[in-house]
Trainee: 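First the structure, then my questions, so here it is.
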Number of protein chains: 2
Amino acid sequence: MGMDERKFRILQAIIDDYILTAVPVGSRTISKKYDMGLSSATIRNEMSDLEELGYLDQPHVSAGRVPSAKAYRLYVDQLLQAGRLRTDSDMALRAHFLGRTRQMEEVMDHAAQVLSSLTNYTAVVLPPTGTQPRIRNIQLVSVSDNAALAVIVTDAGVVRDAVIRVSEELDQDALYSVSRTLTGELAGKTLSEAVERMPEIIRGMQSQAELLEGFGDVMNTQQQANHPHVAIGGTSNMLNYPEYADMEKARSFLSLMETRDRLADIIGQKGEMSFTVRIGPETGVPEMADCSIVTATYTTGNGQQGTIGVIGPTRMQYSRVLEVMNTMGRQLSELFGTGEDDVLKLE
Amino acid sequence: MGMDERKFRILQAIIDDYILTAVPVGSRTISKKYDMGLSSATIRNEMSDLEELGYLDQPHVSAGRVPSAKAYRLYVDQLLQAGRLRTDSDMALRAHFLGRTRQMEEVMDHAAQVLSSLTNYTAVVLPPTGTQPRIRNIQLVSVSDNAALAVIVTDAGVVRDAVIRVSEELDQDALYSVSRTLTGELAGKTLSEAVERMPEIIRGMQSQAELLEGFGDVMNTQQQANHPHVAIGGTSNMLNYPEYADMEKARSFLSLMETRDRLADIIGQKGEMSFTVRIGPETGVPEMADCSIVTATYTTGNGQQGTIGVIGPTRMQYSRVLEVMNTMGRQLSELFGTGEDDVLKLE
DNA sequence: TGTTAGCACTCACTCGCAGCGAGTGCTAAC
DNA sequence: GTTAGCACTCGCTGCGAGTGAGTGCTAACA
């Protein structure tokens with residue numbers, strides 16, 4: 001007994017119906033709603049086969065069938081290779097982006113919101129990472145008599161800032177020249193390389209030892225801490241779905257959404273594909289046993305890769321989600337892109 | 001019939017019990033658990049009076065009594081003036097903060113988390129605002145051949161950054177000198193003042209008109225957008241409380257938490273007091289009809305005020321919350337404080 | 001006059017049970 | 001190979017009795 005064309009069509013119908021209704025679907029429903037030209041009895045036989053093949057589960061004897069993770073897998077794989085992902089919601093997305101400021105984190109936040117409102121699931125956007133960001137410019141600015149703000153600009157366009165406190169009073173000109181020296185010495189280096197280089201620089205500028213040491217500390221914590229911004233949208237969407245009618249489930253899901261670090265790990269796992277779909281157990285996250293995660297990557301001008309993800313129930317509208325994500329991925333790639341001033345210039 | 005000492009003690013007992021159990025409390029419970037030396041019958045009479053006075057509600061005839069918003073109000077007012085707010089959880093809070101990086105937003109996020117985990121409610125932290133932040137330093141850094149990153153440092157220690165795109169190729173030295181000029185011209189000004197000043201500056205530096213105009217745009221959007229970071233912690237805590245067993249309520253609460261702008265408005269309303277407690281209807285937010293909001297302010301070195309808030313069910317543990325917030329407020333004031341290097345130096 | 005014991009009454013909540021109906025698997029006929 | 005028919009399963013709904021916490025009232029007591 002194998003998987004023939006007809007079985008596949010029936011399976012597809014079951015998945016479609018289940019995605020829509022979240023109710024176990026019976027043989028009669030299929031034979032009536034999706035005119036297959038087959039009676040319910042025949043469908044029943046096929047369904048029985050499909051269950052044996054592992055594509056369907058039966059919550060209990062007298063209920064309909066529910067697609068298994070394996071079924072979704074098949075469905076999605078087929079979708080990914082065949083569909084070639086349309087991008088018709090392009091306009092909506094684009095419109096959403098017009099007239100917006102371009103601050104990195106705001107764009108990410110906004111993207112997460114758009115993504116979640118367009119899909120009605122939960123969306124996550126991670127900033128570009130990958131190759132270690134390289135320092136472009138360092139600037140020390142006094143904020144009070146004995147405190148300076150260190151601003152580090154990296155090629156990812158990300159700005160990191162931290163306060164340095166010193167005992168003696170700060171001299172504006174000195175800060176300027178130190179900034180200049182630091183930029184000169186460290187530009188092009190990664191944060192960790194810069195940290196290694198610091199002792200030497202301090203040796204060469206004993207007069208500013210305290211300030212420089214403070215700066216070294218800052219770099220060190222920056223490098224270690226490395227908490228990238230995690231943008232999330234539509235966490236409350238999840239509560240719309242009967243899958244999360246159970247409070248306990250909802251709670252554990254939400255609290256997972258709150259631990260950004262872990263979330264970033266989960267979403268950030270990159271495959272070699274531009275799209276990844278992890279279904280149910282494939283997520284490897286107990287709290288997400290009946291969730292699916294769809295991720296896609298976007299690419300910035302300097303080749304760094306960011307990730308966008310949508311989290312929904314396993315019976316999510318994969319085709320819709322993939323479509324929207326495809327579009328969003330492109331948008332972000334353009335926005336952070338190679339310097340073609342297409343999208344931005346529209347503003 | 002007035003509010004005498006005994007009535008007050010009984011009311012207090014009812015509130016305490018209800019805060020603990022979230023179950024309507026009956027006369028017997030009070031007479032047994034809190035030894036008042038009174039029989040349940042007497043308590044019943046008093047409770048009947050208290051209900052008439054508006055301090056108690058009765059969900060239905062054969063249930064116990066539940067404190068009304070008016071009762072909490074009384075309770076809290078008494079707490080605020082009498083208690084003088086202890087700060088014994090000081091140590092725990094302090095320990096939490098040690099060894100952390102000092103990036104503004106991270107501190108806020110962290111504060112929100114600590115606040116929520118210490119109270120088991122939802123916590124919100126808003127950055128300092130009030131007096132318009134003033135520009136301290138402006139730096140343009142090239143990020144690609146025809147894009148520059150504008151970094152604006154304000155006296156609030158906040159850094160704002162945005163990308164400027166230009167058509168011609170950027171010259172590093174030119175950027176440097178433009179940065180210098182801009183800093184010279186605009187330092188000490190507020191964003192809006194700076195925006196007004198821009199046309200004049202552009203006239204004086206025709207050679208860099210495009211760049212400067214781009215910068216002007218950035219300032220403009222920055223000034224308008226003005227989306228301060230809103231740190232939230234423990235949203236999922238809310239689901240622990242039977243008040244939110246109803247999915248629909250939970251959903252609307254969570255989705256309110258997601259609309260940061262609105263949330264910031266709600267939390268950010270400043271009274272003249274350092275502590276504000278809004279109970280139930282007093283919040284003015286329909287979604288929070290049975291929530292209370294406690295806010296406190298912290299103050300930065302330059303006199304700007306930030307806000308921290310805790311949101312919980314009306315029957316929240318006010319004394320605990322006020323205590324924790326008192327401590328947290330001080331911590332933050334110190335941290336962003338007048339330059340005394342107490343807390344930070346510990347690191 | 002304030003306090004208390006006693007009692008009737010209310011009413012949400014739980015539990016068990018019958019009935020319903022969607023859905024299945026099997027069998028026999030087409 | 002397909003389909004009609006039928007017996008069977010079993011979760012879900014609704015209903016009615018029983019339970020118990022809690023009240024208000026009255027009458028007795030200090």
Side-chain angles (χ1 to χ4, degrees), chain A residues 1-11 13-15 17-18 20-68 71 242-243 245-246, chain B residues 1-11 13-15 17-18 20-68 71 242-243 245-246:
Chain A
M1 175 188 63
M3 179 72 163
D4 59 17
E5 161 67 14
R6 194 174 69 179
K7 278 193 178 51
F8 188 79
R9 265 179 40 234
I10 292 175
L11 181 58
I14 293 173
I15 294 177
D17 201 77
Y18 188 69
L20 222 65
T21 62
V23 169
V25 15
S27 54
R28 234 177 95 84
T29 314
I30 297 298
S31 92
K32 279 214 308 192
K33 273 205 341 205
Y34 306 78
D35 47 16
M36 303 246 140
L38 293 173
S39 78
S40 64
T42 313
I43 309 272
R44 252 190 327 267
N45 288 329
E46 295 288 40
M47 282 165 88
S48 178
D49 289 354
L50 283 168
E51 184 173 355
E52 209 170 319
L53 287 166
Y55 291 106
L56 294 179
D57 291 329
Q58 204 170 12
H60 54 266
V61 189
S62 72
R65 305 301 216 286
V66 165
S68 68
E243 281 85 344
D246 177 20
Chain B
M1 174 188 64
M3 179 73 165
D4 59 16
E5 160 68 15
R6 195 174 72 176
K7 278 194 179 50
F8 188 78
R9 265 179 41 233
I10 292 176
L11 181 58
I14 295 174
I15 295 177
D17 201 76
Y18 188 70
L20 222 66
T21 63
V23 169
V25 12
S27 53
R28 235 176 94 81
T29 315
I30 298 299
S31 93
K32 279 214 306 189
K33 272 204 340 202
Y34 306 78
D35 45 17
M36 303 247 140
L38 293 172
S39 79
S40 64
T42 311
I43 308 273
R44 259 198 310 276
N45 287 331
E46 295 289 38
M47 282 167 88
S48 180
D49 289 353
L50 283 168
E51 184 173 355
E52 210 169 316
L53 287 166
Y55 292 107
L56 294 178
D57 290 330
Q58 205 170 11
H60 55 266
V61 188
S62 72
R65 303 302 213 288
V66 166
S68 69
E243 279 86 346
D246 177 19

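Below, chain A is the first sequence line, B the second, and so on; all start at residue 1.
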Trainee: Rounded to the nearest angstrom, tell me the gap between atom NE2 in A:His60 and atom P in D:dC8.
Mentor: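 For the pair A:His60 NE2 and D:dC8 P, the rounded distance is 19 Å.
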
Trainee: Is B:Ser62 near enough to C:dT10 that one of its side-chain N or O atoms lies under 4.0 angstrom from OP1 or OP2?
Mentor: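 For B:Ser62, the contact criterion (side-chain N or O under 4.0 Å from OP1 or OP2 of C:dT10) is not met.
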
Trainee: Between A:Arg65 and C:dA22, is there a contact of a side-chain N or O with OP1 or OP2 at under 4.0 Å?
Mentor: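 Answer is no, no contact under 4.0 Å.
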
Trainee: With respect to the phosphate group of D:dT3, does any side-chain polar atom (N or O) of A:Arg28 fall under 4.0 Å of OP1 or OP2?
Mentor: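 The answer is no; no side-chain N or O of A:Arg28 sits under 4.0 Å from OP1 or OP2.
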
Trainee: Which nucleotide, in any strand shown, forms a Watson-Crick or G-U wobble pair with D:dC29, with both distances under 3.5 Å?
Mentor: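 Base partner found: C:dG2.
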
Trainee: Please tell me which of the listed nucleotides, C:dG25, D:dT3, D:dG22, lies nearest to the side chain of B:Thr29?
Mentor: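 Looking only at side-chain atoms, B:Thr29 lies closest to D:dG22.
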
Trainee: Tell me whether A:Ser68 contacts the main-chain N or O of A:Gly54 through its side chain, where contact means a donor paired with an acceptor under 3.5 Å.
Mentor: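 Flag set: sc A:Ser68 to bb A:Gly54 pair under 3.5 Å.
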
Trainee: Are any of the side-chain heavy atoms of B:Ile14 and B:Tyr55 separated by less than 4.5 Å?
Mentor: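 Of all side-chain heavy-atom pairs linking B:Tyr55 with B:Ile14, none is under 4.5 Å.
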
Trainee: Think B:Ser27 has a side-chain N or O under 4.0 angstrom from the OP1 or OP2 of D:dT23?
Mentor: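 Yes, B:Ser27 has a side-chain N/O under 4.0 Å of OP1/OP2 on D:dT23.
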
Trainee: Within this structure, what is the CG-to-P distance between B:Leu56 and D:dT23, rounded to whole angstrom?
Mentor: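 Rounding to the nearest Å, CG of B:Leu56 and P of D:dT23 are 10 Å apart.
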
Trainee: Please determine whether a side-chain nitrogen or oxygen atom of B:Thr42 lies at a distance below 4.0 Å from atom OP1 or OP2 of C:dT4.
Mentor: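 So the side-chain polar atoms of B:Thr42 do come within 4.0 Å of the phosphate oxygens OP1 or OP2 of C:dT4, strictly under.
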
Trainee: Measuring from atom CD1 of A:Ile43 to atom CZ of A:Arg6, what distance do you get when rounded to the nearest 0.5 angstrom?
Mentor: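 If I round to the nearest 0.5 Å, the distance is 7.5 Å.
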
Trainee: Give B:Ala41 one of three labels, base, sugar-phosphate or nothing, depending on what nucleic acid heavy atoms sit under 4.0 Å from its own.
Mentor: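 B:Ala41: base contact, heavy atoms under 4.0 Å.
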
Trainee: First locate atom CD of A:Glu51, then atom CG of A:Asp49, and finally report the distance between them rounded to the nearest 0.5 Å.
Mentor: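 Rounded to the nearest 0.5 Å, the CD-CG separation comes out at 10.0 Å.
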
Trainee: Can you tell me the pairing partner of C:dC30 across any strand shown, Watson-Crick or G-U wobble, with both distances under 3.5 angstrom?
Mentor: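 Paired with C:dC30, as far as the under-3.5 Å criterion goes, is D:dG1.
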
Trainee: Distance check needed: C:dG23 C1' versus A:Arg44 CZ, whole Å only.
Mentor: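 Those two atoms, CZ and C1', are 8 Å apart.
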
Trainee: Nearest whole Å is fine: how far is C:dT4 C1' from B:Leu38 CG?
Mentor: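 Result: 10 Å.
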
